[in-house]
Amino acid sequence: MTEPRKMPSQTGGLSFFEDMHPPAADFRADILAGLSKPQKALPPKYYYDEEGSRLFDAITEQPEYYVTGTELELMRTIGPELRELAGEGALVLEPGAGSSVKIRTLLDALDSPSAYVGMDISGDHVRSACEALAADYPSLEIGALCHDFTQSLDVAALPLSAKAHAGRRLVFFPGSTIGNFELIDALALLKTLRGWLREGDALLIGADMRKASEALEAAYDDEAGVTAAFNLNLIARINRELDGDIDADGLQYRALWNPYRSRVEMYLVARRDMHFTVGGERFVIRKDETIHMENSHKFTLETFQDLAAKAGLRSRKAWVSAREPFSIHWLEPAGEAC
Ligand code: TRP
């Protein structure tokens, strides 16, 4: 890790902002590689330009998209138990921190947390989200890190107070974001997060559960077409930034439940044969051919706990929501990862 650069004079009420310089993404190379695969695929990390982030927030408000509301309600319900488990003075770390109300719910539930550190691959994003949080929690020590959670992180070296370093580390990873990774990558990510924990620390993680295919397909293909627009926005971005001429009207969005892999798969399907150019390269897509956009894996308590166990994490407690089943897990380090 590079020497932390503290900027105590900055405004915004943050204790620190540190840029750990995550490797720069190569939009052009990644998109061209994805379109060149036998099964065309576009990397989901490019969804989130300004319009994409706006559309994502709108997805979370669609009536069919139960994930966000269900998790938040469950967080509120289990607040007293979380307070008990975490104890006083916890240091809360959030990889992939958004501007979400979930972190506020957690901080409100806890018993005088000592500090909060938000991390995101987008430095601007995490900085403004943490500044907003600092305005609402003036007495909480808050730091922001521009960091890619696939990179290593030495928590003990963060420029936090001795009090914060002495607290129990609680890593918060909500939203069933873990489900958006291929299982092998989810396992690697869990191992990475496991590496941030010492004996007695914990990972608090949300994992959406298997349910009827109708509910799942509706959640990922809402009536108002917001999730479709979110996917097609990436096509617009490619056309704009990579001098592309993909006809978005020739692509239809579809969400499909794959029971064998226990995941919702999101695709753009060609309505007809189309020839197009992106970044100076020519491509063909045939009628009914698909572009794979993203996956959202769904778990049972058992499949998720098995995955966690492989990463060296033992389940201390799991909660499932009353209506659309969604699970939140309190995981603690257990021996070594395999
Ligand atoms: N992790 C959430 C989920 O899988 C949110 C999410 C990520 C999402 N990418 C998405 C929701 C694409 C809809 C479409 O539900």
Side-chain angles (χ1 to χ4, degrees), residues 34 41-49 51-75 94-103 120-122 125 149 172-183 185-186 189-190 193 204-237 251-258 261-269 290-300 303-304 307 321 323-329:
L42 293 174
K45 67 175 174 188
Y46 295 114
Y47 274 139
Y48 302 91
D49 62 355
E51 177 66 358
S53 300
R54 193 191 64 77
L55 286 165
F56 182 76
D57 287 344
I59 288 175
T60 66
E61 281 156 22
Q62 297 311 299
E64 302 94 329
Y65 189 75
Y66 59 86
V67 177
T68 313
T70 306
E71 185 181 37
L72 191 59
E73 195 184 310
L74 184 57
M75 282 286 297
E94 187 181 19
S99 45
S100 129
V101 288
K102 287 172 211 159
I103 184 60
D120 198 84
I121 193 147
S122 158
H125 186 71
F149 50 54
F172 184 47
F173 198 57
S176 204
T177 303
I178 193 71
N180 299 122
F181 293 84
E182 294 286 345
L183 290 180
D185 298 324
L189 176 54
L190 288 174
L193 300 180
L204 185 65
I205 183 167
D208 193 21
M209 301 183 81
R210 286 180 74 127
K211 51 185 65 65
S213 60
E214 293 77 15
L216 286 167
E217 289 181 354
Y220 290 86
D221 192 2
D222 58 278
E223 196 61 41
V226 182
T227 311
F230 176 66
N231 280 272
L232 289 165
N233 178 59
L234 181 50
I235 301 298
R237 180 175 181 191
L251 297 170
Q252 159 140 43
Y253 173 71
R254 283 206 65 185
L256 275 180
W257 167 244
N258 180 339
R261 302 186 77 167
S262 197
R263 67 191 196 184
V264 176
E265 298 173 349
M266 293 163 250
Y267 294 100
L268 292 173
V269 189
T290 58
I291 306 175
H292 186 196
M293 303 296 283
E294 185 153 41
N295 301 309
S296 186
H297 290 82
K298 305 301 170 187
F299 303 91
T300 63
T303 60
F304 191 75
L307 186 69
S321 56
R323 270 171 284 153
E324 297 292 4
F326 184 96
S327 61
I328 296 180
H329 300 252

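Read the numbers this way: they start at 1 and go in the same order the structure lists the ligands and their atoms. Just so you know, these numbers use all the heavy atoms, side chains as well, and skip hydrogens, waters and symmetry mates.
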closest protein heavy atom to atom 14 (C) of ligand 1 is Met266 SD, 3.6 Å

Out of Leu183, Asp185, Leu189, which residue meets the side-chain contact (heavy atoms from CB on, under 4.5 Å) rule with Ile178? Leu189

Side-chain touch Arg323/Thr70, heavy atoms, less than 4.5 angstrom: no

Heavy-atom contacts with Tyr65 under 4.0 Å: which atoms of ligand 1 show up? List them by number with element. 2 (C), 3 (C), 5 (C), 11 (C), 15 (O)

Give me the residue, atom name and distance of the protein heavy atom closest to atom 4 (O) of ligand 1. Ser296 OG, 2.6 Å

Just by distance, with hydrogens left out, do Arg210 and Ser262 show a side-chain donor and acceptor under 3.5 Å apart? yes

Among all protein heavy atoms in this structure, tell me which lies nearest to atom 15 (O) of ligand 1, with the distance rounded to 0.1 Å. Tyr220 OH, 2.4 Å

Are any of the N or O atoms of Gly175 closer than 3.5 Å to those of ligand 1? yes

Is ligand 1 under 4.0 Å from a heavy atom in the side chain of Asp208, in the backbone, in both, or in neither? neither

Measuring from the heavy atoms of Ser176, does anything fall under 4.0 Å of ligand 1? yes

If you take all heavy atoms of Tyr253 and Asn231, which pair is closest and at what distance? CE1-ND2, 3.1 Å

State if Met293 counts as touching ligand 1 under the rule of any non-hydrogen atom under 4.0 Å. no

How are the rings of Phe56 and Phe230 set relative to one another: parallel (under 30°), tilted (30 to 60°) or perpendicular (over 60°)? tilted

Taking the side chain as every heavy atom from C-beta outward, state whether Phe304 and Ile205 have any atom pair closer than 4.5 Å. yes

Mind checking whether Phe56 contacts ligand 1 via backbone (N, CA, C, O), side chain (CB onward), both or neither, at a 4.0 Å heavy-atom cut-off? side chain

Do the charged groups of Glu294 and Arg263 touch, with an N to O distance under 4.0 Å? no

Taking only heavy atoms of Phe230 into account, list the atoms of ligand 1 that are under 4.0 Å away from them. 12 (C)

Under 4.0 Å to a heavy atom of Asn180 - the qualifying atoms of ligand 1, by number: 1 (N), 2 (C), 4 (O), 7 (C), 9 (N)

Between Asn233 and Asp49, do the side chains contain an N or O donor and an N or O acceptor separated by less than 3.5 Å? yes

Between ligand 1 and Glu294, is the shortest N or O to N or O distance under 3.5 Å? yes

